[in-house]
*Asks:* 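Pasting in a structure now, in structure tokens, and then I'll have a few things to ask.
We count ligands from 1, going down the list as the structure has it; atoms in each ligand are counted the same way.
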Amino acid sequence: MKLTYLGHSVILIEKNNFKGIIDPFIKGNQLCKTSIDDLRNITHIFVTHGHGDHLGDTVEIAKKNNSLVIANAEICNYLGKFNVKTHAMHIGGRTKFDFGIVKMTNAVHGSGINDGENMICGGNPGGFVIEIDDKKIYHAGDTGLLYDMKLLEDEKIDVAFLPIGGNYTMDINDAVKAVDFIKPKKVVPMHYNTFKPIEADPQDFIKKVSSSEVIVLDVNESIII
Ligand code: NI
Ligand code: MN
């Protein structure tokens, strides 16, 4: 499985013919060096919650690539207006797809969808555990520290993507506690240095984490697991 960081919380997952993207915030993402046209053959899009920096360019990418969007029921209902293919899940649910197994996890955050003038209900925010060929990743979405993360230890996560930027989510100190709960083999920090309120130094995260290997990915950098 090849995992590429596109900036903010955008992760590209590639394995054989499967090409998934999590939280595709492309336009307006100051860290992202990829254009929507660069994203080809995206088979699946995972959306953790309805905020603009996560739902992002889901509609445009899904339409261009005929991708299947996996998200909570409320976001899928919203996407139905745009004739996008969706598979609704919800927190705690685990489902087998042709590419692997997906579980939606809890997050403490918001999920409103900003539709210009109105804020549309985007259900509850979540995260994803995605298992493909015996490798498991966890993308936390946006969340504060949750004691529920302790339950993820049993999942034996290979790579956890955790927000560290603070203000809207866990900061570094809380993300360090999350790593202790989850005990992933590797942890990749995300959701930092995109905007002023989420400035954080990933080197500080490296210094504070002792139980897992921290991998700080540059934008467009990949790891293979
Ligand atoms: Ni958010
Ligand atoms: Mn966010």
*Asks:* Establish, from distance only, whether the side-chain atoms of His44 and His87 form a donor-acceptor pair under 3.5 Å.
*Replies:*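 Absent: no donor and acceptor within the cut-off.
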
*Asks:* Are Phe25 and His8 an aromatic pair by the rule of ring centers under 6.0 Å?
*Replies:* yes

*Asks:* Measure from the Mn ion (ligand 2) to every N/O/S atom of Asp53 and report the name of the nearest one.
*Replies:* OD2

*Asks:* Checking one value in my table: which N/O/S atom of His51 lies closest to the Ni ion (ligand 1)?
*Replies:* ND1

*Asks:* To 10 degrees, how wide is the angle NE2 (His191) to the Mn ion (ligand 2) to OD2 (Asp142)?
*Replies:* 100°

*Asks:* So Thr169 and Asp142, side-chain hydrogen bond (donor to acceptor under 3.5 Å, both in side chains) or not? Walk me through it.
*Replies:* CA-CA 6 Å; Thr169 69; Asp142 278 359; 5.6 Å; no

*Asks:* Tell me which N, O or S atom from His109 is the closest to the Ni ion (ligand 1).
*Replies:* NE2

*Asks:* Is the Ni ion (ligand 1) under 2.8 Å from any N, O or S atom of His49?
*Replies:*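 Given the 2.8 Å cut-off, His49 counts as a ligand of the Ni ion (ligand 1).
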
*Asks:* Please confirm if an N, O or S atom belonging to His54, backbone or side chain, lies less than 2.8 Å from the Mn ion (ligand 2).
*Replies:* yes

*Asks:* Answer yes or no as to whether an N/O/S atom of Asp142 is found below 2.8 Å from the Ni ion (ligand 1).
*Replies:* yes

*Asks:* Between the side chains of His49 and Asn124, does any donor sit under 3.5 Å from an acceptor?
*Replies:*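 No, no side-chain donor-acceptor contact under 3.5 Å.
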
*Asks:* Taking the side chain from Asp38 and the backbone from Ser35, do they hold a donor-acceptor pair closer than 3.5 Å?
*Replies:*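 Indeed, once roles are kept as given, a pair shorter than 3.5 Å links the two residues.
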
*Asks:* Are more than 12 heavy atoms from other residues, nucleotides or ligands located less than 6.0 Å from atom NZ of Lys81?
*Replies:* yes

